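One-based numbering, in listed order, for ligands and for the atoms of each. Since we're looking at a predicted model, the values are computed, not measured.
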Amino acid sequence: MDRIDVLISAEQIRTAVNRVAQQISTDYHNRPLTILGVMTGSLMFLADLIRQLDMPLQVGMIQASSYRGTQTTPGTLRINADFLPRLEDRDVLLLDDIFDTGQTLSALCTHLAAPAVPSASPGKPRSLKAAVLLWKEGRQTVTMQPDYFGFRIPDQFVVGYGLDFNNEYRHLPYVGVVHPVTPLPVA
Ligand code: 5GP
Ligand code: MG
């Protein structure tokens, strides 16, 4: 069994999610907000956050898989738009579990602001921002920054609250640092 040390408790997460929900409620008051969760890591953050939002709201999911290493360029992010609602004239907030290098959210923003295939386009959002639960320090390779975040964390591989290691541990109610018996993925 891998050893997991708690980094952020369920209680601390609850407090941070409430704070982010407050900020979003204030900023998007009376505006046509659509929150798009990035599959699969955002599932818990999305579920907890939207239940704290007492306002008109549409919710969708977007899937992004990126190729890292030598194959990686901003254009190689594969995006599955099948789950997207119409985004025309909507204020769109992308929601992800963690901002690491920033490549994923940056590429998703570029894609949604100017979709590559007009016929399959969900429409151009009125505005586009990003929220993450975790912001890993010192890892960014892009100029964009998340507009909302829960916690800044050190450069460690974390699991739980939606985040996985080999598809395990997403269900943990806290965020932990995993000390695996098998090697960690190379980011
Ligand atoms: P980025 O494009 O910002 O480098 O990476 C974003 C994605 O990488 C996240 O949505 C997440 O899926 C994955 N990722 C980055 N850091 C971690 C981590 O510490 N733990 C886990 N489980 N996934 C991570
Ligand atoms: Mg992810």
Checklist line | Interfacing atoms of ligand 1 (cut-off 4.0 Å, heavy-atom, Val158) | finding: 18 (C), 19 (O), 20 (N), 21 (C), 22 (N)

Notebook entry, point to check: So does Arg126 pair up with Asp89, basic N to acidic O under 4.0 Å?
Noted result: no

Check: How far does CG of Leu128 sit from CG of Leu87, to the nearest 0.5 angstrom?
Finding: 9.0 Å

Checklist line | Greater than 12 external heavy atoms within 6.0 Å of Gln23's CD | finding: yes

Margin query: At less than 4.0 angstrom from any non-hydrogen atom of Asp100, what atoms of ligand 1 do you find?
Written below: 1 (P), 3 (O), 4 (O), 5 (O), 15 (C), 16 (N)

Item checked: Sub-4.0 Å atoms of ligand 1 with respect to non-hydrogen atoms of Asp164 -> 21 (C), 22 (N)

Notebook entry, point to check: Backbone, side chain, both or neither: what part of Asp96 comes under 4.0 angstrom of ligand 1, heavy atoms only?
Noted result: side chain

Margin query: Please report the interatomic distance CG(Asp2) to OH(Tyr169), rounded to the nearest 0.5 Å.
Written below: 3.5 Å

Margin query: Nearest 0.5 Å, please: how far is CZ in Arg31 from CG in Leu93?
Written below: 11.0 Å

Check: Judged by atom type as modelled, is there a donor-acceptor pair below 3.5 Å linking the side chain of Lys124 to the main-chain atoms of Glu88?
Finding: no

Item checked: Ligand-side contact atoms (ligand 1) for residue partner Thr104, heavy atom cut-off under 4.0 Å -> 1 (P), 2 (O), 5 (O), 6 (C)

Next item on the list: Measure Val38 to ligand 1 on non-hydrogen atoms and call it side chain, backbone, both or neither using the 4.0 Å cut-off.
Entry: neither

Notebook entry, point to check: Would Ile98 count as a contact of ligand 1 if the rule is a heavy atom under 4.0 Å away?
Noted result: yes

Check: For ligand 1, which atoms sit closer than 4.0 Å to a heavy atom of Lys136?
Finding: 16 (N), 17 (C), 18 (C), 19 (O)

Check: Of all residues at least two apart in sequence or in a different chain, which pass the salt bridge (Lys or Arg N to Asp or Glu O under 4.0 Å) check with Arg3?
Finding: Asp5

Notebook entry, point to check: Which of the numbered atoms in ligand 1 are below 4.0 angstrom from a heavy atom of Gly102?
Noted result: 1 (P), 3 (O), 4 (O)

Check: Quick one: does Arg170's side chain have a donor or acceptor within less than 3.5 Å of a partner on Leu163's backbone?
Finding: no

Next item on the list: Under 4.0 Å from a heavy atom of Gln156: give me the atoms of ligand 1 that qualify, with their elements.
Entry: 19 (O)

Next item on the list: Check if Phe165 has a non-hydrogen atom at a distance under 4.0 Å from any atom of ligand 1.
Entry: no

